[in-house]
Protein chains: 4
Amino acid sequence: MSLNSFGHLFRVTTWGESHGPALGATVDGVPPGIAVDPELLQFWLDRRKPGQSKYTTQRREPDQVEILSGTFEGRSTGTPIQLMIRNTDQRSKDYGDIAEKFRPGHADITYFQKYGIRDYRGGGRSSARETAARVAAGGLARAVLGRLAPSVEIKGYMTQVGPHGIDRAAFDAAQIEENPFWCPDAGAAQTWADYLDGLRKSGNSVGAVVEIVARGVPAGLGAPVYGKLDTDLAAAMMSINAVKAVEIGEGMAAATLTGEENADEIYMGEDGQPVYSSNHAGGILGGISTGQEIVVRFAVKPTSSILRSRKTITKTGEETEIITKGRHDPCVGIRAVPVGEAMMACVILDHLLLHRGQIGDAGGKIGPQEGGNQGGQDEGPLG
Amino acid sequence: MSLNSFGHLFRVTTWGESHGPALGATVDGVPPGIAVDPELLQFWLDRRKPGQSKYTTQRREPDQVEILSGTFEGRSTGTPIQLMIRNTDQRSKDYGDIAEKFRPGHADITYFQKYGIRDYRGGGRSSARETAARVAAGGLARAVLGRLAPSVEIKGYMTQVGPHGIDRAAFDAAQIEENPFWCPDAGAAQTWADYLDGLRKSGNSVGAVVEIVARGVPAGLGAPVYGKLDTDLAAAMMSINAVKAVEIGEGMAAATLTGEENADEIYMGEDGQPVYSSNHAGGILGGISTGQEIVVRFAVKPTSSILRSRKTITKTGEETEIITKGRHDPCVGIRAVPVGEAMMACVILDHLLLHRGQIGDAGGKIGPQEGGNQGGQDEGPLG
Amino acid sequence: MSLNSFGHLFRVTTWGESHGPALGATVDGVPPGIAVDPELLQFWLDRRKPGQSKYTTQRREPDQVEILSGTFEGRSTGTPIQLMIRNTDQRSKDYGDIAEKFRPGHADITYFQKYGIRDYRGGGRSSARETAARVAAGGLARAVLGRLAPSVEIKGYMTQVGPHGIDRAAFDAAQIEENPFWCPDAGAAQTWADYLDGLRKSGNSVGAVVEIVARGVPAGLGAPVYGKLDTDLAAAMMSINAVKAVEIGEGMAAATLTGEENADEIYMGEDGQPVYSSNHAGGILGGISTGQEIVVRFAVKPTSSILRSRKTITKTGEETEIITKGRHDPCVGIRAVPVGEAMMACVILDHLLLHRGQIGDAGGKIGPQEGGNQGGQDEGPLG
Amino acid sequence: MSLNSFGHLFRVTTWGESHGPALGATVDGVPPGIAVDPELLQFWLDRRKPGQSKYTTQRREPDQVEILSGTFEGRSTGTPIQLMIRNTDQRSKDYGDIAEKFRPGHADITYFQKYGIRDYRGGGRSSARETAARVAAGGLARAVLGRLAPSVEIKGYMTQVGPHGIDRAAFDAAQIEENPFWCPDAGAAQTWADYLDGLRKSGNSVGAVVEIVARGVPAGLGAPVYGKLDTDLAAAMMSINAVKAVEIGEGMAAATLTGEENADEIYMGEDGQPVYSSNHAGGILGGISTGQEIVVRFAVKPTSSILRSRKTITKTGEETEIITKGRHDPCVGIRAVPVGEAMMACVILDHLLLHRGQIGDAGGKIGPQEGGNQGGQDEGPLG
């Protein structure tokens, strides 16, 4: 039971601080024989990389991933894969003046209260730099999904920045890659650009909402009662820095619906699979996937490091003020998009392996039943 | 790794179905020497018990808990405590007509797709009856907290039913026990009563929002990065039946705030402990408790069993309609309140034990520092 | 992480004390659709049951197992199966005179030193009665193996009682069920009978060696480095009461062999599978099964409860003597045989599910290679 | 649940192969504020390092450990510590000729059967090089023990090489560091030197027995039923490469003892603590430490890589012969001594933290009882 680990069978343990020599992910449970292409991992890392637009931190990190173990001739061996990313642009002097003061909204004070250690170098373990390791692990998860469940497609985007939400009617997936905000609505992207320019100049920051959708997930993934797919997704997303809320499907709005409105009606599709009239459930019923799109949304709070003076205290208990200089994101939600995608990939793969472990390739088939109510257990898995 | 278990050191495994002989919780990691009073456990169970008002299911279950192991002369021995609740009012004939049809919004279809088994007896393992076991385990967690951290107080209540939210200005904790909705606003309680009467008569149901607050939690509980206090709380709450969203502190609204608005400023309190100007963070920074109130909110979707006809399919793939007769809650959120409280108690106790395990009773003290930056490790814990 | 749980995917949590109301096993991860026959579980339990011959304790317990959850119409649903056994013949007065004294060789003193609780009722949680729950869980594991890997056969027997070992040349599997010692050598069985008669009359007891063999286990089960099949078997057997040593294959004798003697040479069998010239390895290489017989041996110390006076101390620190009256086994190793079999079944099933989870039904096939060194990953497990 | 992880609260995950770029250990759960001295870790690693005498492999590896995370200003922060060791002397051409053949006694064949991958570079993940990571983690565990339980001393040595055991009467702890065999008996060391010289010249190898003793371990560590101290020690030692048996205290010999002989009698010591007349139990009763020396013994099989021709098969199923050239240990047991010590340190620290988590610093005190049978629970751990 490592508190820095995530997942059941596909198990990711991340390590490292924002200003140590390196950080990384130890990934266990990877099926063997999967092509692990460093350039593909790098592709995903590059999407999270800081300094790509004026809307994210200007810290310059190549975030280059090294594969230290677990592959042979370019394929996974089934043993732990160690993914390491060196920290290069550490500039720890930038942070020197906050060695004694706790930054409001940051974990400085709670880490000190817990551990009695004040690692003032950019947040230490609580820094969002840790998420680079998740993205690398998520790239690995995607590679495995590509082999085991090629139907799965995972896509994240922002739906709100501060008070400005997207117009769902203007949703255009093709837009997502066309602006620095992963915004599916070209009009909203322009609004956000203007809004964030203003915030950045005024030294302020703002929160955001990110939505992650997984399409093509087979029905039947997840488990009762604490191993529900939505339980693991909630944990996965809430574990991302600055996330304060997680929604599945209708999310908080489910509170306002009646049972009649909320229950997605079921029909038979042309391919003999169930189809639904709507997806209030976000693709999950009773913690198990329905085969519809899995829809997760999370709120990211505004970056706490701002150029506005805030009242705080020092380690020795004196009241003071602080302005957090340095290289910060005006809207840290932007870089949370690839992280949320990575967590989605890890959770889905993990549940795919769990399902295969307990149940094999079978399951219940809707349609004329053969052999009665016998469960989906196949015979002789290693025959 | 049991998917029906929750917690790290204080470990709860629940088992049982809505219409089997019994259900219960196997609770491991309970500290020894704690008085375990069956009447106290029963007190908590009675709060969740169905049939207490016309707003909850009319199923009659005494929900009487038996302690089968782990105590001696009324105190915990440190070994697993088995809490069993017999099912008595099973009336499985009520459910007979749904043996072939999948109820929309329920886990019927996904359980069948996963396991190939159609346990049509009231939802089987996916039934909210499972939460009785959680409430019993939560009672145990409260008993331990009463000994180890008596400052902790946990309180849950509803803040919204369908479109009707409470008026925060009218918040009165004393009201919570005075109405069948755990509503802290007497006016809202009256509105809800009228609203739910109408819904119940029309055979419909509605969603709700529940808020759980823990006061007096010591600073320093929680851990990076996947063992964050909010990560575990998100998983705990999302694992409750029908929950579709979890918020910490500002929750989804954090997306709309600026960094300046959101960062809770820090001062020194009169007792030499930090105090905060506000609690947007919901008592958690970087996954670790600040010592402020821990505030968690979750949305419960409307009961899916309604007396309105909905389209669905059968196990054999035929399209049909269904009206779910039986004894159902017009607003299942009501009974989720004691469940949310129980999960909060389990999570906080678990992190208290984890903290004690890794760090002992010490930690970082804010104030004049002795001996430099040495961490909170005490000497010779078993000396 | 429950310390009273065992297994990764097939997860057994036992609970209960020797003199509480009941004990049992919560078994999670059972594949769905498996026929769970209470009479079959009872069959295995009856083999462990006390009081079956004069060589085991005269405590009379029906050890009747109740299935409280996780089945529907006689088949597993895939959710936790709760197996409960009521304690009936508790006679706690037998134990009353040891409430203040610690019995040498027993866990009385260490449980008190750990927990500060003296549950003097027959050993409490440290009693060998706990193993009834394991045998029930093992029966479940056998039922699943019967479906998933019907080639697997598990057989346990005793090979030594005190100074008297079996004659391997006289090994006759048919004898195992023909004597009260699970002894495969009729001559040794007679020697043991005489020897144990003498010991019993003199109020003494003696140790034993038990061997458990699993035949028909597919090659490829197990995992590096801490999830080795032999690692899990060592833990499984060492966790049984009174076990002081575990051997795989040659065991301790491996220390005396040369590399030339010890390395099992490999040939091709008639069926195109590898065969070995010998089985010094006990069927496991690098923690992974070879397809040969898995051979595990463990030593059980003599029953500590004897009618001979031994020096000890009281809870309050006074020196005294104790004679442990009551109903005890002169050779507790006898009843450890069905327990060892049960643990073997659980470990093998667990690794079968783990293998299926990570790798699917495939793996490396020895013989002409198609498609290069690509690993055994199959495509689309849920397709 | 990573199968490459070990421990509950002090959690070690190792990664890496014998011929990849690096290997290491991700160590989570380290208490904060512990001085982590790279030179001290190196001290332990150097003891395991190959090539130190003619009795171990001539592979030259500096085995230099790098600390990549989890420390600040020389002290642990409480977050994961990544210990990396670069592989430098890989000479993979040495192994080229075994790419197609499976070496008898090695994991080559089982890894291939499991994963479908033939990583022929020196054993890959199954190589004993992995144990370097354990020794580094063990060094960390010792550093923590030095702070939390300074009374604990751990010492390993060899007691048998092939047919030659030590003379217990000649046991002299001071000898252990004086010969290349960690042999506590100077006479036996000479015998072994001669014996191993002969074996080495003839291209053969031999097995050994290693004993690890932990002194000064507090009473009360360990837990029922699958979290027993001896269960975890058995797993820890059996997980070391080439180990085929694990004994606690009397071990296999316990089978030959009577209850009267085996039960260690209890007295009161001068310091008011219990003392025992003997230590057949090896310091563990019911899975919990007694405060006596913890004594673990394990058998290491002979190195399978020998210069003698052995029959085997190829990946494509052809029968052939193999002589394993390369740089191998004539007695791999020698280098298992520091590994066994490291595993002992990890297990004891882990159980110390677990005990502290569940029970705090208290426990049952033998002597005049105050306040009745109330258990060792202290009040307000974070007060």
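Throughout, a chain's letter reflects where its sequence line sits, starting with A, and its residues are numbered from 1. Worth saying up front: this structure is predicted, and the values here are computed from it rather than measured.
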Report yes if some heavy atom in the side chain of [X] is under 4.5 Å from a heavy atom in the side chain of [Y]; otherwise report no.
X	Y	value
C:Met84	B:Met84	yes
C:Arg86	B:Leu68	yes
B:Phe72	C:Arg118	no

Is chain B contacted by the side chain of C:Thr77, its backbone, both, or neither, given a heavy-atom distance below 4.5 Å? both
Tell me, for C:Ile81 versus chain B, whether the close heavy atoms (under 4.5 Å) come from the side chain, the backbone, both or neither. neither
How long is the straight-line distance from CH2 of B:Trp15 back to OG1 of C:Thr13, given to the nearest 0.5 Å? 12.5 Å
Atom pair CG/CZ of B:Asn4 and C:Arg11 - distance to nearest 0.5 Å: 12.0 Å
Checking B:Thr26 against C:Thr26: is there a side-chain donor and acceptor pair closer than 3.5 Å? yes
Would you name the heavy atoms of [X] and [Y] that are closest together and state the gap between them?
X	Y	result
B:Ser69	C:Gly16	CB-CA, 3.5 Å
C:Ile117	B:Pro32	CG1-CB, 4.4 Å
B:Thr79	C:Glu17	OG1-OE2, 3.3 Å
B:Pro80	C:Arg125	CD-NE, 3.7 Å

With no hydrogens and no angle check, is any side-chain donor or acceptor of B:Asp28 less than 3.5 Å from a backbone partner on C:Ser2? no
Toward chain C, the part of B:Leu23 with a non-hydrogen atom under 4.5 Å: neither
Across all chains, not counting sequence neighbours, the side-chain hydrogen bond (donor to acceptor under 3.5 Å, both in side chains) partners of B:Thr110 are none
Tell me every residue that passes side-chain contact (heavy atoms from CB on, under 4.5 Å) with C:Ala234, counting only those two or more places apart in sequence or in another chain. C:Val246, D:Ala234, D:Met238
Greatest number of heavy atom pairs closer than 4.5 Å to chain C - which of B:Gly24, B:Gly29, B:Gly70: B:Gly70
